[in-house]
Chemist: 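I have a structure here, written as structure tokens, and I will follow up with some questions on it.
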Amino acid sequence: MQKIVIEGGHKLKGEVKISGAKNAALPCLFASLLTDQVCEFRNIPRLRDINTTLQLLAEFGVSHQVGRRMSINPVSVKHVRASYELVKTMRASVLALGPLLARTGRAEVSLPGGCAIGARPINLHLEALKKMGASIEIKEGYVLAKAKKLHGAKINFDDVTVTGTENIMMAAALANGETVLENAAREPEIVDLANCLRSAGVEIEGDGSATIHIQGRKNLGGITHEIIPDRIEMGTFMIAAAMTGSDFVISGGRMDHIEALVGKLDEVGVELIEVEKGIRVKAPKAIRYTDMSTAPYPGFATDFQAQFMALMTLASGSSVIVENIFENRFMHVAELNRMGANIKVEGNSAFVTGVKKLSGAPVMASDLRASAALVLAGLAADGITEIHRIYHLDRGYDRIEHKLRKLGARIKRTKVKF
Ligand code: EPZ
């Protein structure tokens with residue numbers, strides 16, 4: 001096991017480059033199952049979840065080559081079973097369901113099970129696939145799906161679901177006829193998957209809006225696609241600047257993907273200046289307080305909630321943070337309080353009273369974005385912070401301590417001695 005050790009209180013400076021988006025790369029890699037042609041991807045980030053996805057593709061008999069580009073060779077899909085051993089480490093494995101079913105007529109995907117932030121059901125995915133002609137059986141913890149040939153359908157999601165929208169977009173790409181998705185997710189990663197499918201010849205309209213039209217095709221060409229930059233990584237670094245009183249440049253990101261966060265950072269006094277190399281982020285002398293509540297895109301992303309809460313722990317007043325997407329996404333609160341924060345939770349609201357300083361402490365990561373919040377708090381705190389169970393962090397941040405060290409942070413990864 002490893003831990004990250006941070007000596008806080010150092011300002012950051014220089015420039016950091018944002019990697020490819022985890023939540024765009026995952027669906028795009030699974031989309032390669034839809035074609036028997038070689039697929040080429042650029043800007044795939046180096047993450048545990050990417051490795052897990054490549055392992056899953058290998059389980060299906062699909063090989064890959066990594067170089068400046070990543071190529072996937074889905075010429076034949078020999079197996080259709082996504083095992084519990086892999087799926088339990090990455091819930092997004094559920095994204096294999098739609099493509100496997102559409103390509104081969106069968107799929108056996110372990111139910112992902114819950115995770116730290118919630119039960120994470122996939123009922124909306126399964127109901128939609130049934131509407132497209134799939135027969136779905138749940139047996140011994142696996143989803144057994146069958147469909148001679150999927151047909152297009154009009155699907156209105158009861159709740160906005162990101163991977164649900166993505167699963168059905170991929171299934172629809174090879175279905176007979178048109179599929180219309182209503183109340184679809186609108187994230188930039190949805191648009192990126194649509195562009196990825198377009199490169200293989202799929203006709204799609206409305207991605208990025210709540211209504212998406214997909215014309216199914218008999219077969220697809222090879223995908224050639226460059227993954228968009230990771231908006232969550234970009235926002236995480238912006239908050240790092242704000243919490244450490246820093247002024248540095250973030251390159252390779254897209255401001256238009258994080259407008260809700262940019263609005264909140266403006267409210268608390270963070271200066272964001274477009275410069276030639278990207279965005280210069282300048283921390284305020286004092287962090288103003290503001291309330292925030294999460295919502296589906298283009299609202300404030302739940303994936304920024306933990307990091308923004310870390311920022312509000314140092315604000316010059318009290319703020320209320322409401323988590324509307326997941327039922328248990330406050331696991332970082334207890335750990336931040338151990339570092340001297342003053343946060344009280346009631347239901348899905350967290351009441352944060354700003355404090356002058358945080359103090360370093362040994363803390364435990366519980367999920368991906370909570371671990372990012374603890375890194376941010378450690379960078380700002382006085383003294384030493386040790387973050388345990390950092391495999392959560394490695395799932396979604398590409399070499400984060402390397403990037404932070406380049407900005408001047410005192411941060412290192414060491415082995416945990418038992
Ligand atoms: C995606 O998860 C992201 N993961 C999550 O990012 C992100 O937090 C989430 O969308 C919300 O933006 C990937 O893209 C790989 P949902 P997803 O389906 O698709 C309920 C990270 O940190 N729901 O949009 O699993 C669900 O329980 C991760 O990178 C159902 O009830 O989220 C939740 O309350 C964490 N039934 C809400 O909808 C379903 O069938 C939104 O979930 C599906 C979802």
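For ligands, and for the atoms within them, numbers begin at 1 and follow the listed sequence.
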Chemist: Tell me every residue that passes salt bridge (charged side-chain N to carboxylate O under 4.0 Å, His left out) with Glu271, counting only those two or more places apart in sequence or in another chain.
Modeler: Lys282
Chemist: Could you check Asp394 against Arg413 for salt bridge (Lys or Arg N to Asp or Glu O under 4.0 Å), going step by step and ending with a plain yes or no?
Modeler: CA-CA 11 Å; Asp394 296 336; Arg413 177 185 293 249; 2.7 Å; yes
Chemist: For side chain to side chain contact (heavy atoms under 4.5 Å, CB included), just list the numbers for Glu166 and Thr161, CA-CA rounded to whole Å, side-chain angles, deciding distance to a tenth of an Å, and then say yes or no.
Modeler: CA-CA 9 Å; Glu166 292 164 345; Thr161 163; over 6 Å; no
Chemist: Please assess Val270 against Met238 for the test side chain to side chain contact (heavy atoms under 4.5 Å, CB included), listing each intermediate value before the final yes or no.
Modeler: CA-CA 9 Å; Val270 177; Met238 286 180 165; 5.9 Å; no
Chemist: Quick test of your reading: applying salt bridge (charged side-chain N to carboxylate O under 4.0 Å, His left out), list the pairs with at least one residue in residues 183-194, sequence neighbours left out, ordered by first then second residue.
Modeler: Glu189-Arg231
Chemist: Tabulate below the donor-acceptor pairs under 3.5 Å that side-chain atoms of residues 83-105 make, not counting sequence neighbours, or state none.
Modeler:
residue	atom	partner	partner atom	Å
Ser83	OG	Glu59	OE2	3.2
Thr89	OG1	Leu86	O	2.6
Arg91	NH2	Arg120	O	3.0
Ser93	OG	Met90	O	2.5
Arg103	NH1	Leu33	O	2.8
Arg103	NH1	Thr35	O	2.8
Arg103	NH1	Pro74	O	3.2
Arg103	NH2	Pro74	O	2.9
Arg103	NH2	Val75	O	3.2
Thr104	OG1	Leu100	O	2.8
Thr104	OG1	Arg106	N	3.0
Thr104	OG1	Arg106	O	2.8

Chemist: Strictly under 4.0 angstrom, heavy-atom based: which residues surround ligand 1?
Modeler: Lys22, Asn23, Arg91, Ala92, Arg120, Pro121, Ile122, Asn123, Leu124, His125, Val160, Thr161, Val162, Thr163, Thr302, Asp303, Ile325, Phe326, Arg329, Leu368, Arg369
